[in-house]
Amino acid sequence: MANYSGVVCVRRQISHVIFDMDGLLLDTEKFYTQVQEIILSRYNKTFDWTLKAKMMGKKAIESARIFVQESGISDSLSPEQFLVEREDMLQSLFPTSELMPGASRLVSHLHAKGVPICVATGSHRRHFELKTQRHHEIFSLMHHVVLGDDPEVKQGKPSPDGFLAASKRFEGGQVDPSNILVFEDSPSGVLAAKNAGMSVVMVPDPRLDKSFLDAADQVLNSLLDFNPSEWGLPAFEDNGN
Ligand SMILES: O=P(O)(O)OC[C@H](O)CO
Ligand SMILES: [Mg+2]
């Protein structure tokens with residue numbers, strides 16, 4: 001078995017799966033991008049994917065600090081003011097969130113086969129509720145959800161806090177991280193999963209710099225391309241893999 005670079009790698013035996021949410025299950029990263037482009041344009045600056053890569057996956061206040069500092073507007077806008085400024089726009093966009101291709105199929109399949117699944121997201125409770133309001137069917141299949149404002153998540157990704165908290169809350173208690181497969185879209189999220197000792201499948205936005213893909217155990221263009229059998233998980237019955 002080879003990863004995208006052709007390097008042969010040994011896959012661990014997977015019993016449990018943790019899903020990231022923004023940009024992985026839900027097509028919500030585009031909303032953050034849109035709003036941040038608008039805000040930076042007010043300062044005659046452009047929002048690019050170098051900055052996007054540093055922000056995605058993190059807790060709101062952590063990504064806000066990066067945004068004002070890296071874009072050079074921290075003298076004019078504090079991280080807290082930035083969060084207030086973007087909030088109205090995000091609140092009107094999040095309820096329109098759509099599922100990413102293949103998300104429903106994969107989540108439903110793993111649940112139907114009895115594979116314990118959960119979510120670990122940097123998103124806080126209020127935004128989680130807005131984003132998932134049209135997707136209760138899929139999110140109700142999750143055994144649990146760990147949010148960015150969970151008391152156990154002291155630091156956001158790339159800290160392993162969220163994934164380690166998620167690994168403790170499955171039925172039967174702590175699951176060995178080496179038996180957990182994480183699905184992520186962000187560079188910080190992939191590092192968080194590796195820092196937690198877990199395997200990680202990355203489904204990156206194609207605009208992300210390719211250097212960020214090296215840390216993942218497998219890189220896919222879409223969740224539709226995931227082959228559960230490669231990870232010792234029950235095969236899909238609809239296409240025979
Ligand atoms: O990608 P997630 O689900 O950890 O969410 C993190 C932020 O809310 C958005 O980047
Ligand atoms: Mg994400």
Side-chain angles (χ1 to χ4, degrees), residues 17-37 39 47 49-67 70 79 82-83 86-87 89-91 93-95 97-103 106-107 117-133 135 138-139 142 144-150 152-166 181-196 198 200-208 212-213 215-216 219-220 222-223:
V17 170
I18 303 178
F19 289 100
D20 173 56
M21 184 176 76
D22 293 284
L24 188 283
L25 290 177
L26 293 179
D27 189 8
T28 41
E29 281 298 342
K30 65 182 180 189
F31 299 143
Y32 290 101
T33 303
Q34 193 179 324
V35 165
Q36 281 144 201
E37 279 172 350
I39 293 176
F47 184 67
W49 272 82
T50 307
L51 179 51
K52 175 75 181 168
K54 291 178 184 170
M55 294 176 69
M56 58 199 302
K58 295 186 188 287
K59 288 188 185 204
I61 189 64
E62 293 172 346
S63 66
R65 285 189 197 114
I66 293 169
F67 181 80
E70 301 266 332
F82 162 70
L83 291 180
R86 75 175 191 177
E87 189 60 21
M89 288 184 272
L90 290 180
Q91 285 206 18
L93 291 166
F94 285 157
S97 299
E98 309 260 16
L99 288 167
M100 292 294 279
L106 179 57
V107 169
I117 53 176
C118 74
V119 165
T121 173
S123 202
H124 55 66
R125 166 73 57 190
R126 203 163 34 78
H127 282 176
F128 173 83
E129 300 295 352
L130 289 171
K131 291 165 182 173
T132 58
Q133 63 182 231
H135 307 291
I138 286 302
F139 281 84
M142 300 296 171
H144 54 280
V145 175
V146 175
L147 299 168
D149 54 352
D150 187 290
E152 219 177 312
V153 183
K154 307 284 183 225
Q155 285 183 292
K157 301 165 183 178
S159 148
D161 290 4
F163 290 130
L164 290 177
L181 181 61
V182 172
F183 286 87
E184 258 292 349
D185 67 306
S186 73
S188 297
V190 168
L191 292 180
K194 297 316 293 179
N195 288 335
M198 300 171 185
V200 57
V201 173
M202 185 181 200
V203 189
D205 187 292
R207 290 165 289 186
L208 206 55
F212 290 118
L213 314 188
V219 180
L220 301 176
S222 161
L223 287 175

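One-based numbering, in listed order, for ligands and for the atoms of each. This is a predicted model, so every value here is computed, not measured.
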### Message
Applying side chain to side chain contact (heavy atoms under 4.5 Å, CB included) to I117 and M142, what does each step give before you reach the verdict?
### Response
CA-CA 5 Å; I117 53 176; M142 300 296 171; 4.0 Å; yes
### Message
Under the criterion side chain to side chain contact (heavy atoms under 4.5 Å, CB included), I'd like the reasoning laid out for L26 against T132: C-alpha separation, chi angles, the key distance, then a yes or no.
### Response
CA-CA 8 Å; L26 293 179; T132 58; 4.2 Å; yes
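In this structure, F128 has its ring center no closer than 6.0 Å to that of F94.
The distance criterion of under 3.5 Å between nitrogen or oxygen atoms is met by M21 with respect to ligand 1. Between A120 and ligand 1, a contact under 3.5 Å exists for no N or O pair. Considering backbone and side-chain atoms alike, G122 places an N or O below 3.5 Å from some N or O of ligand 1. For the pair E184 and ligand 1, the shortest N or O to N or O distance does not fall below 3.5 Å. Residue-to-ligand polar distances place E29 within reach of ligand 1: an N/O pair is separated by less than 3.5 Å.
The shell of residues lying under 4.0 angstrom from ligand 1, judged by heavy atoms, includes K131. Heavy-atom distances between S186 and ligand 1 stay at or above 4.0 Å for every pair. Under the 4.0 angstrom criterion for non-hydrogen atoms, K157 is in contact with ligand 1. At least one heavy atom of K58 sits less than 4.0 Å from an atom of ligand 1.
Given atom 5 (O) of ligand 1, the protein heavy atom at minimum distance is D22 OD2, 2.8 Å.
For the residue pair A120 and G162, the shortest heavy atom distance occurs at CB-O, 4.0 Å. Between F163 and M198 the shortest heavy-atom distance is O-CE, 3.4 Å.
Ring geometry for F19 versus F183: interplanar angle under 30°, hence parallel rather than tilted (30 to 60°). Aromatic ring pairs are classed by plane angle as parallel below 30°, tilted from 30° to 60° and perpendicular above 60°; the pair F47 and F67 is tilted.
Within ligand 1, the atoms closer than 4.0 Å to a non-hydrogen atom of M56 are 10 (O), numbered from 1 in the order shown. In the vicinity of T121, heavy-atom distances shorter than 4.0 Å reach the ligand 1 atoms 2 (P), 3 (O), 4 (O), 5 (O).
Neighbours of the Mg ion (ligand 2) restricted to protein N, O or S atoms under 2.8 Å: the count is 3.
Remark: the S159 side chain and the K154 side chain contain no N/O donor-acceptor pair separated by less than 3.5 Å.
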